[in-house]
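Please read the structure below before turning to the comments.
If you're wondering where the values come from, they're calculated on a predicted model, not measured in any experiment.
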Amino acid sequence: MKKEFPKNFLWGAATAAYQIEGAWNEDGKGPSIWDTFCHRSGTILNADTGDIACDHYHRFREDVQLMADLGLNAYRFSLSWPRIMPDGRGAMNQAGIDFYKKLIDGLLEKNIEPLVTMHHWDLPQRIHDAGGWLNRRSTDWFADFAQLVVRQLGDKVRYWITLNEPGVIAYCGYGCGAHAPGVKDDATHVQ
């Protein structure tokens with residue numbers, strides 16, 4: 001018996017802002033913990049960074065066309081919190097939100113469903129400097145960011161993911177220190 005996928009099945013690709021966008025210090029974007037971590041000597045093999053990455057920030061139209069050529073009908077990507085709110089709280093960076101609006105419009109023009117992750121590991125450095133996820137106020141700052149992006153993008157986005165792999169953020173970022181922000185403290189990662 002031949003099995004078929006449902007007609008509404010989503011065939012897609014997935015990325016993370018820091019891993020694909022590049023343009024790490026362009027158009028008003030603030031630094032993320034990954035920018036800081038990767039620029040710290042000895043943390044990343046070959047001193048690689050996401051400064052350019054796949055240059056999705058400049059090449060997103062080509063990337064969307066590649067997705068369309070592959071026949072994808074979904075794209076799960078994350079927003080760079082410090083691209084949209086350089087300080088992690090307060091004022092919105094219009095150039096940052098405009099990038100995501102153009103990306104989403106390009107996807108929809110090609111009948112590709114945008115699935116948006118609000119946070120995929122790239123905490124704004126200034127939020128980290130204020131205590132990061134260990135500061136209970138960070139949940140309020142994240143809620144403000146979430147409300148802002150839903151107000152700005154919610155008319156075109158049906159599917160939202162809040163946090164990507166919070167256990168990885170906790171253990172790899174605050175326990176073993178393999179990921180940004182590079183904290184090595186067993187007691188901290190379980191708080």
Side-chain angles (χ1 to χ4, degrees), residues 13-68 75-110 112 114-130 132-133 138 141-142 144-157 160-164 169 173 179-182:
T15 62
Y18 184 77
Q19 297 166 345
I20 191 171
E21 286 180 7
W24 77 281
N25 62 354
E26 292 184 38
D27 294 336
K29 179 189 172 291
S32 77
I33 58 174
W34 274 97
D35 295 315
T36 303
F37 183 72
C38 290
H39 289 140
R40 191 178 316 138
S41 179
T43 57
I44 304 294
L45 184 65
N46 302 320
D48 291 334
T49 70
D51 292 2
I52 299 171
C54 300
D55 203 21
H56 186 61
Y57 186 78
H58 298 112
R59 303 179 70 171
F60 73 91
R61 287 178 183 86
E62 296 168 62
D63 294 339
V64 169
Q65 185 59 54
L66 286 170
M67 289 181 237
Y75 177 44
R76 201 265 314 158
F77 62 94
S78 69
L79 304 173
S80 171
W81 184 354
R83 188 175 301 285
I84 294 171
M85 295 176 91
D87 292 328
R89 54 188 174 207
M92 178 184 75
N93 176 24
Q94 190 64 51
I97 203 72
D98 287 347
F99 165 69
Y100 294 109
K101 286 180 178 181
K102 290 183 280 190
L103 172 60
I104 291 166
D105 286 345
L107 292 167
L108 294 173
E109 287 170 13
K110 300 289 185 183
I112 299 171
L115 294 88
V116 178
T117 301
M118 293 180 185
H119 181 70
H120 192 142
W121 305 356
D122 61 341
L123 188 71
Q125 182 62 47
R126 290 185 182 107
I127 295 289
H128 177 71
D129 294 344
W133 291 117
S138 64
W141 299 327
F142 179 73
D144 292 342
F145 170 70
Q147 288 175 348
L148 183 147
V149 297
V150 168
R151 277 195 311 271
Q152 292 291 320
L153 307 172
D155 61 328
K156 296 178 182 184
V157 175
W160 295 92
I161 300 100
T162 50
L163 297 169
N164 183 73
I169 293 170
H179 289 180

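Residue R59 qualifies as open at atom CZ: its count of foreign heavy atoms under 6.0 Å is 12 or below. When the shell of 6.0 Å around NZ of K110 is examined, it contains 12 or fewer heavy atoms from other residues, nucleotides or ligands. Surrounding CD1 of I52 are at most 12 heavy atoms belonging to other residues, nucleotides or ligands under 6.0 Å away.
Each salt bridge (Lys or Arg N to Asp or Glu O under 4.0 Å) pair with one or both residues in residues 17-34, not counting sequence neighbours, appears once here: E21-R83, K29-D35.
In this structure, D98 CG and L103 CG are separated by 12.5 Å, a value rounded to the nearest 0.5 Å. Here the NE2 atom belonging to H58 is positioned 9.0 Å from the CZ atom belonging to F99, to the nearest 0.5 angstrom. Separation of atoms SG (C38) and CH2 (W24) is listed at 10.5 Å; rounding is to 0.5 Å. The CD atom of E62 sits 11.0 Å away from the NE2 atom of H56 when rounded to the nearest 0.5 Å. Rounded to the nearest 0.5 Å, atoms CH2 (W133) and CD1 (I33) are 9.5 Å apart. Distance CZ/R151 to CD/Q147: 6.0 Å, rounded to 0.5 Å.
Under the 4.5 Å side-chain criterion, counting only non-hydrogen atoms from C-beta, I169 is in contact with H119. For the pair L108 and P114, the minimum side-chain heavy-atom distance is below 4.5 Å. Side-chain contact between F77 and I20: absent, with no pair of heavy atoms (C-beta onward) separated by less than 4.5 Å. At least one side-chain heavy atom of M67 sits less than 4.5 Å from a side-chain heavy atom of L107. Proximity of W160 to L153: side-chain heavy atoms (C-beta onward) are separated by under 4.5 Å at one or more points.
At least one donor-acceptor pair under 3.5 Å links the side chain of Y100 to the backbone N or O of S80. The main-chain N or O of G88 is found under 3.5 Å from a side-chain atom of W81 such that the two form a donor-acceptor pair. Between the side chain of R126 and the backbone N or O of P86 there is at least one donor-acceptor pair closer than 3.5 Å. A distance-only check finds no donor-acceptor pair linking the side chain of T49 to the backbone of H39 [under 3.5 Å].
Note on ring orientation: taking the six-membered ring where Trp is involved, the planes of W121 and H179 are tilted (angle from 30° to 60°). Relative ring orientation between W34 and F37 is described as perpendicular, the plane-to-plane angle rising above 60° on a 0-90° scale split at 30° and 60°.
Considering all non-hydrogen atoms of both residues, D122 and A17 come closest at OD2-CB, 4.0 Å. Taking all atoms of both residues into account, the shortest heavy-atom contact from V64 to I112 is O-CD1, 4.0 Å. Shown here for P181 and G173, the closest heavy-atom pair between the two residues is CD-O, 3.4 Å. Taking every heavy atom of both residues into account, P31 and P82 meet most closely at O-CB, 3.8 Å. Nearest heavy atoms, A146 versus M118: CB-SD, 3.5 Å.
Listed by chain and number, the residues in a salt bridge (charged side-chain N to carboxylate O under 4.0 Å, His left out) with D105 are K156 (sequence neighbours excluded). Residues passing the side-chain hydrogen bond (donor to acceptor under 3.5 Å, both in side chains) test with T15, sequence neighbours excluded: Y75.
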